[in-house]
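This report refers to the structure that appears directly beneath it.
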Amino acid sequence: QVSGSARAAAMTAPSDATDAPGSDSAQPRAAVSEADALTIEDGRLLDGFLLLAAGGSSSPDDVVSANLSSLQIIDVADEDLAYFVSLDRLDLSDNKLNHAHILRQMAKLPLISSLNLACNSIHTLQVTPHSLTKLECLDLSYNSLRGDILCELAQLYNLVTLNLSSNNISL
């Protein structure tokens, strides 16, 4: 297991996430490879290395958007998220996230404005008051959320778009 500080130091090390500068193909890779994800029992851990690979950068400061959909992610190394100070859009749809504190973990991303958590296995959520202040778009469709979740989501004051379709919510 790699400690948070060791991860942080390694996240600033050069990576092969893009082709060599000056070449005709100096573009970020479109997909995250199997080797880029730390595998844990029955799924993957979302950590800083996975975000760097998905963001196509060797520096956490440069990652603005990351698509981590359909990677069988089951947990988040939230201590790594604080290094991604420019991350604005994150797609974690179609994974295996199911814990109530996923929004508390995402609150470590200071500029996150769009978060897609559709098609996971989330049953309930816990929102820390006055957190996720930049979050404007949240997709929680196709989970297993219940009606009692609305009180928690009401604490996200800046939401403009909220998708709760295909959950177990009734008023």
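These numbers were taken from a predicted model, which means no experiment stands behind them. Just the heavy atoms: all of them, side chains too, but no hydrogens, waters or symmetry mates, feed the values below.
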I need the [X] [atom1] to [Y] [atom2] distance, nearest 0.5 Å.
X: Leu156; Y: Leu125; atom1: CG; atom2: CG; result: 9.0 Å
X: Leu150; Y: Ile169; atom1: CG; atom2: CD1; result: 5.5 Å
X: Ile112; Y: Cys137; atom1: CD1; atom2: SG; result: 10.0 Å
X: Asp47; Y: Leu81; atom1: CG; atom2: CG; result: 9.5 Å
X: Phe84; Y: Asp62; atom1: CZ; atom2: CG; result: 10.5 Å

>> side chain to side chain contact (heavy atoms under 4.5 Å, CB included), that's the test. Do Leu50 and Ile73 meet it? Break it down for me.
In response: CA-CA 10 Å; Leu50 189 57; Ile73 296 170; 4.0 Å; yes
Going by side-chain contact (heavy atoms from CB on, under 4.5 Å), name the residues that satisfy it together with [X], two or more places apart in sequence or in a different chain.
X: Gln155; result: Val127, Pro129, Glu152
X: Ala118; result: Ser93, Asn116, Asp139, Ser141
X: Asp88; result: Val64, Ser113
X: Lys134; result: Leu111

>> Quick check on side-chain contact (heavy atoms from CB on, under 4.5 Å): which of Leu117, Leu46, Asp75 does Leu97 satisfy it with?
In response: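 Checked Leu117, Leu46, Asp75 against Leu97; only one passes side-chain contact (heavy atoms from CB on, under 4.5 Å): Leu117.
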> Got a sec, which residues hit side chain to side chain donor-acceptor pair (under 3.5 Å) with Ser86, two or more places apart in sequence or on another chain?
Replying inline: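 Ser86 satisfies side chain to side chain donor-acceptor pair (under 3.5 Å) with no other residue.
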> Of all residues at least two apart in sequence or in a different chain, which pass the side chain to side chain donor-acceptor pair (under 3.5 Å) check with Ser165?
Replying inline: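 Asn163.
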To check you understand the geometry: which heavy-atom pair defines the closest contact between [X] and [Y], and what is its length?
X: Ala66; Y: Leu51; result: CB-CD2, 3.8 Å
X: Leu90; Y: Met106; result: CD2-SD, 3.7 Å
X: Ala77; Y: Leu45; result: N-CD1, 3.6 Å

In this structure, would [X] and [Y] fall into the same cluster of hydrophobic residues linked by side-chain contacts under 4.5 Å?
X: Leu115; Y: Leu159; answer: yes
X: Leu52; Y: Val85; answer: no
X: Tyr142; Y: Leu138; answer: no

>> Would you say that Leu140 contacts Leu153 through its side chain, given a criterion of any heavy-atom pair below 4.5 Å between the two side chains?
In response: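 A side-chain contact under 4.5 Å exists here.
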> So do Leu132 and Leu103 actually touch side chain to side chain, heavy atoms under 4.5 Å?
Replying inline: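 In contact.
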> Under the side-chain hydrogen bond (donor to acceptor under 3.5 Å, both in side chains) rule, what pairs show up with a residue in residues 117-129, not counting sequence neighbours?
Replying inline: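 Non-adjacent pairs meeting side-chain hydrogen bond (donor to acceptor under 3.5 Å, both in side chains): Arg104-Gln126, Arg104-Thr128.
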>> Can you list everything that forms a ring pair (Phe, Tyr, Trp, His ring centres under 6.0 Å) with His101? Sequence neighbours excluded, please.
In response: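 Per chain and number, His101 pairs via ring pair (Phe, Tyr, Trp, His ring centres under 6.0 Å) with His99.
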Side-chain ([X]) to main-chain ([Y]) donor-acceptor, under 3.5 angstrom:
X: Asp94; Y: Ser69; value: no
X: Asp78; Y: Gln105; value: no
X: Asn95; Y: Gln72; value: yes

